[in-house]
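Here's the structure, in structure tokens; my notes come after.
Throughout, residue positions are numbered sequentially from 1 according to the sequence presented. Keep in mind the model is a prediction, meaning the values are calculated, not measured.
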Amino acid sequence: MAKDQSGGGEERLRDADRSQSTILAAARDEFAEYGLGGARVDRIAERAGLNKRLIYYYFADKEQLFQAVLEQAYRDIRTEEANLHLAELDPATAVRRLVEFTWDYFIAHPEFLTLLNSANLHKARHLTESDRARQLNSPLIESLAVVLERGRREGIFRGGVDPVQLYVSIAGLAYFYLSNSHTLSAIFGRDLLSPKARSERLSHMTDVILGYLFVPE
């Protein structure tokens, strides 16, 4: 009897995990499309194919659900970044790989950018209140710091580079271009999202970042 109860408990936990994952995926799409202000829990329930009461059972309100979506979004990108194993690569390759990954990830996950836009509209208070979000970001900065220090010791990177500032520059070069691609394309009369333009942008970003880091010969 005890074994059956244990098995039932494990199944309930799996069901709960599946339900929460389904809710978070539906909420991510809703928040990405409508922002925090325009998102509706009724639509999230419809997207998830679940009862709205279940959403409130796991997430007390829309604000907490938005915070959970942001945490999951950061968890997803940081998990993939960790798979790059930057600290195991030579410094120049590691930085190049991070620039390429960031660019490719932003293109493949436009919802990540729109979620950040919405979070910033609300002064990032949902992230400020989240210890989990800050903890998720620490390993990346630590790995980048290792890469920068090894590059400095090897005499190829300049010293005194703040890994946070460097990552902000990498992300910013990609984020601004992609978030403003429509207006920039209209202003300059060029399709900045064409395959050729995207390839040129990645090359430019890599040259800018490595050009800043490399010690002049």
Self-check item: Check against salt bridge (charged side-chain N to carboxylate O under 4.0 Å, His left out), R96 and E100
Solution: CA-CA 6 Å; R96 184 183 300 274; E100 292 171 348; 5.1 Å; no
Exercise. Evaluate side-chain contact (heavy atoms from CB on, under 4.5 Å) for S19 paired with Y58, printing each intermediate quantity in order.
Key: CA-CA 9 Å; S19 294; Y58 291 120; 3.9 Å; yes
Exercise. Test Y177 against M205 for side-chain contact (heavy atoms from CB on, under 4.5 Å), laying out the working first.
Key: CA-CA 11 Å; Y177 184 97; M205 288 168 51; over 6 Å; no
Exercise. Evaluate the criterion salt bridge (charged side-chain N to carboxylate O under 4.0 Å, His left out) for residue pair E33 and R47; output intermediate values, then yes/no.
Key: CA-CA 12 Å; E33 184 172 354; R47 288 175 185 263; 2.7 Å; yes
Self-check item: Criterion salt bridge (charged side-chain N to carboxylate O under 4.0 Å, His left out) on R152 and E149, from CA distance to verdict
Solution: CA-CA 5 Å; R152 184 197 66 78; E149 175 58 19; 2.6 Å; yes
Practice problem: Would you sort out whether L166 and L213 count as a side-chain contact (heavy atoms from CB on, under 4.5 Å), showing the intermediate values? | Solution: CA-CA 9 Å; L166 183 66; L213 288 175; 4.0 Å; yes
Quiz item: Which is it for T79 and D76 under the side-chain hydrogen bond (donor to acceptor under 3.5 Å, both in side chains) test, yes or no, and what are the steps along the way?
Solution: CA-CA 5 Å; T79 297; D76 289 342; 5.7 Å; no
Exercise. Decide yes or no on side-chain contact (heavy atoms from CB on, under 4.5 Å) for Y56 and V41, but give the supporting numbers first.
Key: CA-CA 9 Å; Y56 287 121; V41 175; 3.5 Å; yes
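Counting non-hydrogen atoms of neighbouring residues, nucleotides and ligands closer than 6.0 angstrom, the CZ atom of R190 reaches no more than 12 such neighbours. Heavy-atom neighbours of F176 CZ from other residues, nucleotides or ligands within 6.0 Å: at or below the threshold of 12. Environment of NE2 in H182: sparse, with no more than 12 heavy atoms of neighbouring residues, nucleotides or ligands closer than 6.0 Å.
Side-chain atoms of W103 and L178, non-hydrogen and from C-beta on, do get closer than 4.5 Å to each other. Contact check for Y34 versus R43: side-chain heavy atoms found under the 4.5 Å cut-off. The shortest side-chain heavy-atom distance between R132 and Y74 does not fall under the 4.5 Å cut-off. With a 4.5 Å cut-off on side-chain heavy atoms, L210 and V95 count as touching. Counting only heavy atoms from C-beta outward, the side chains of L148 and P91 never approach each other to under 4.5 Å. Contact check for N120 versus N117: no side-chain heavy atoms found under the 4.5 Å cut-off. The shortest side-chain heavy-atom distance between L98 and Y167 falls under the 4.5 Å cut-off. Counting heavy atoms from C-beta on, the side chains of L116 and Y175 come closer than 4.5 Å.
By the rule that hydrophobic residues join a cluster once side-chain heavy atoms approach within less than 4.5 Å of another member, V161 and V146 end up as members of separate clusters. Under the 4.5 Å side-chain contact rule for hydrophobic residues, I156 and V215 do not share a cluster.
The minimum heavy-atom distance linking S179 with L113 is given by the pair OG-CD1, 4.1 Å. The shortest heavy-atom contact between G35 and S118 is CA-OG, 3.6 Å. What you find for E30 and R40 is that their closest heavy atoms are OE2-N, 3.1 Å. Here the closest non-hydrogen pair linking V69 and A27 is CG2-CB, 3.6 Å. A pairwise comparison of heavy atoms in N180 and T183 identifies O-OG1, 3.0 Å as the closest pair. For T102 against A171, the heavy-atom pair with the smallest separation is CG2-CA, 4.1 Å.
The backbone N or O of A124 lies less than 3.5 Å from a partner atom in the side chain of T128, making a donor-acceptor pair. D61 places a side-chain N or O within donor-acceptor distance of the main-chain N or O of Q64, the cut-off being under 3.5 Å.
None of D29, L24, I55 except one satisfies the side chain to side chain contact (heavy atoms under 4.5 Å, CB included) rule with I44; the exception is I55. When each of L65, L115, L36 is tested with L70 by the rule side chain to side chain contact (heavy atoms under 4.5 Å, CB included), just one qualifies, namely L115.
Separation of atoms OG (S143) and CD (E88) is listed at 9.0 Å; rounding is to 0.5 Å. Interatomic distance, CZ of R28 versus CZ of F66, reported as 13.5 Å (0.5 Å rounding). Atom OG of residue S181 and atom CG of residue L192 lie 7.0 Å apart, to the nearest 0.5 angstrom. Between H204 atom NE2 and D207 atom CG the span is 8.0 Å, to the nearest 0.5 Å. With values rounded to the nearest 0.5 angstrom, F112 atom CZ is found 14.5 Å from I107 atom CD1. Separation of atoms CZ (R97) and CG (L89) is listed at 5.5 Å; rounding is to 0.5 Å.
With sequence neighbours excluded, the residues that form a side chain to side chain contact (heavy atoms under 4.5 Å, CB included) with T114 are A32, E111.
Using cut-offs of 30° and 60° for the angle between ring planes, the F214 and F157 rings count as tilted. Between Y105 and F101, the angle of the ring planes lies from 30° to 60°, which puts this pair in the tilted group.
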